[in-house]
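Note: hydrogens, waters and symmetry copies are ignored here, and every other heavy atom, side chains too, is used.
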Amino acid sequence: MRISFLGGGNMASALIGGMLERGFAAADIQVVELQEEGRKRLAERFGVRTVGAVDDALLDCDVLVLAVKPQQMKAALAPLAGRLARQVVVSIAAGLRLADIGRWLGGYARLVRVMPNTPALIGAGVSGLYADPSVDAAGRAATERVLAAVGSTAWIAEEAQMDAVTAVSGSGPAYVFHFIEALEAAGASLGFDAATARKLAIDTVLGAAKLAAGSDEAPGVLRERVTSKGGTTEAALASMQASGFFDTIVAAVKAAEVRGRELGEQLGRD
Ligand SMILES: NC(=O)C1=CN([C@@H]2O[C@H](COP(=O)(O)OP(=O)(O)OC[C@H]3O[C@@H](n4cnc5c(N)ncnc54)[C@H](OP(=O)(O)O)[C@@H]3O)[C@@H](O)[C@H]2O)C=CC1
Ligand SMILES: O=C(O)[C@@H]1CCC=N1
């Protein structure tokens with residue numbers, strides 16, 4: 001299977017790195033990227049073919065992944081209009097709706113909307129996938145093969161729910177990194193050197209996530225197991241509750257979902 005990327009930034013790099021780790025061949029992957037520096041980095045790091053503008057070789061692929069920022073998409077698709085025939089076009093852009101992408105492509109419906117996340121780089125991503133009803137089983141299978149190589153996948157029933165996927169798992173790693181930053185800062189403020197504070201914070205999140213992933217019990221039950229009556233965790237959780245930690249996270253995810261819908265509506269007017 002040949003895969004081409006339009007845009008070679010953060011997310012394309014995470015996907016390509018994860019795919020190569022899982023046995024995809026560099027010779028089957030191509031990237032069109034505007035930045036010369038970006039092209040050099042991709043070629044050196046991954047050994048993939050990079051070009052500065054769309055060419056026929058780039059379009060000779062089974063799956064074309066659209067990995068430019070939502071605001072860049074319409075302009076980036078202009079050179080592709082009327083040149084696609086068999087490729088499954090997979091957009092990973094936040095917010096953008098398939099109908100608008102299809103229109104910008106001059107009327108093309110073999111489209112799948114996917115929301116991956118950056119842990120794809122180490123094969124630990126999770127992606128939500130939504131296919132235009134006109135995409136056949138082979139097109140869905142090809143898309144799933146790419147994303148399953150870099151993590152778990154879930155087909156989403158309604159395109160409108162893709163903004164919620166974006167808010168929960170697409171942006172989600174940033175929330176977790178922010179939590180790690182806070183735990184690390186707390187450790188440092190309690191006197192640990194930087195390296196020790198970081199190790200304690202990261203290994204705690206890693207261990208807790210692994211425990212939750214491997215357990216039949218809900219995270220809330222696992223939380224209760226840490227929380228001894230009258231102990232230290234209880235004091236911390238009471239402090240979190242008093243400052244609205246849980247509601248803050250829920251509100252943040254909702255803000256991301258709203259922003260995704262806004263992006264789709266605003267950019268789709270073009
Ligand atoms: N980062 C993440 O965690 C996730 C991102 N996404 C989605 O992935 C997409 C890419 O995000 P991300 O990788 O973070 O963004 P980046 O800005 O890192 O990558 C986009 C790259 O595409 C380049 N580019 C812009 N226009 C064109 C063009 N016409 N042809 C070729 N290359 C072009 C950009 O160049 P320049 O720098 O000059 O603009 C940039 O290098 C977005 O739509 C985002 O919503 C989805 C899931 C997670
Ligand atoms: O922040 C963003 O808009 C993109 C989409 C999900 C993660 N990053």
Side-chain angles (χ1 to χ4, degrees), residues 3-15 30-36 38-39 42 50-56 58-59 61 63-118 127-135 139-140 143 146-147 156-172 174 252-270:
I3 303 112
S4 292
F5 286 81
L6 182 71
N10 293 312
M11 196 60 229
S13 299
L15 290 172
Q30 308 179 63
V31 186
V32 54
E33 162 60 42
L34 290 184
Q35 302 296 327
E36 194 182 339
R39 291 197 295 277
L42 288 161
T50 61
V51 283
V54 173
D55 61 11
D56 288 342
L58 186 105
L59 296 181
C61 63
V63 176
L64 174 63
V65 181
L66 308 180
V68 298
K69 286 188 272 282
Q71 293 84 348
Q72 299 169 323
M73 190 65 82
K74 189 182 177 205
L77 295 185
L80 299 174
R83 294 172 72 186
L84 299 171
R86 65 181 183 89
Q87 306 89 336
V88 184
V89 175
V90 174
S91 168
I92 64 166
L96 296 184
R97 298 160 184 163
L98 293 186
D100 296 314
I101 290 171
R103 182 163 46 81
W104 294 334
L105 283 169
Y108 194 76
R110 232 178 156 219
L111 302 173
V112 185
R113 187 168 158 186
V114 167
M115 182 46 56
N117 63 11
T118 55
S127 302
L129 295 77
Y130 171 82
D132 182 274
S134 69
V135 177
R140 286 166 181 256
T143 308
V146 172
L147 279 310
I156 304 299
E158 303 284 335
E159 183 174 5
Q161 292 176 319
M162 289 301 290
D163 294 319
V165 175
T166 306
V168 174
S169 57
S171 299
V253 175
K254 286 187 177 160
E257 197 264 350
V258 167
R259 180 62 187 145
R261 270 189 288 133
E262 267 173 17
L263 277 172
E265 279 160 24
Q266 281 168 6
L267 298 170
R269 276 187 216 122
D270 254 7

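- Remark: the backbone N or O of Tyr130 is not paired with any side-chain donor or acceptor of Arg113 at under 3.5 angstrom.
- Note that CZ of Arg140 is 9.0 Å distant from CG of Asp132, once rounded to the nearest 0.5 Å.
- Separating the CG atom in Leu66 from the CG atom in Leu80 is a distance of 7.5 Å, to the nearest 0.5 Å.
- Annotation: side chain of Ser13 is in contact with side chain of Leu42 (closest heavy-atom distance under 4.5 Å).
- A distance of 13.5 Å separates CZ of Arg110 from CG of Leu98, quoted to the nearest 0.5 Å.
- Remark: Thr166 OG1 to Met115 CE distance equals 3.5 Å, nearest 0.5 Å.
- Remark: Asp270 does not engage Arg103 in a salt bridge, criterion side-chain N to carboxylate O under 4.0 Å.
- Scanning both residues, Glu33 and Arg39, for their nearest heavy atoms gives O-NH1, 2.8 Å.
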Show which side-chain atoms of residues 68-78 pair as donor or acceptor with protein atoms under 3.5 Å away, not counting sequence neighbours.
unit_1	atom_1	unit_2	atom_2	d
Gln72	OE1	Lys69	N	2.9

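- By the salt bridge (charged side-chain N to carboxylate O under 4.0 Å, His left out) test, Asp55 pairs with Arg49, sequence neighbours left out.
- With sequence neighbours excluded, the residues that form a side-chain contact (heavy atoms from CB on, under 4.5 Å) with Ala167 are Val253, Ala256, Glu257.
- Scanning for side-chain hydrogen bond (donor to acceptor under 3.5 Å, both in side chains) contacts around Asn10 gives an empty result, with sequence neighbours left out.
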Mind listing the side-chain donor-acceptor pairs of residues 82-97 below 3.5 Å, one per line with the distance, residues two or more places apart or on another chain?
unit_1	atom_1	unit_2	atom_2	d
Arg83	NH1	Pro79	O	3.0
Arg83	NH2	Asp56	OD1	3.1
Arg86	NH1	Cys61	O	3.3
Arg86	NH1	Asp62	OD1	2.8
Arg86	NH2	Asp60	OD1	3.2
Arg86	NH2	Cys61	O	3.2
Gln87	OE1	Ala85	N	2.9
Gln87	NE2	Leu59	O	2.7
Ser91	OG	Ala93	N	3.2

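- Remark: Val258 engages Arg261, Glu262 in a side-chain contact (heavy atoms from CB on, under 4.5 Å) (not counting sequence neighbours).
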Requested in this report: Check the pair Val114 / Val146 against side chain to side chain contact (heavy atoms under 4.5 Å, CB included), numbers first and verdict last.
Outcome: CA-CA 11 Å; Val114 167; Val146 172; over 6 Å; no
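- Residues Met11 and Thr118 meet the side-chain proximity criterion, which asks for heavy atoms closer than 4.5 Å.
- Interatomic distance, Leu111 CG to Asp100 CG, rounded to the nearest 0.5 Å: 11.0 Å.
- Here the closest heavy-atom approach between residue Ala12 and residue Phe5 is recorded as CB-CD2, 3.9 Å.
- In this structure, Val135 and Ala131 approach most closely via the heavy-atom pair CB-CB, 4.1 Å.
- Between atom CG of residue Leu129 and atom CG of residue Leu147 there is a gap of 5.0 Å, rounded to the nearest 0.5 Å.
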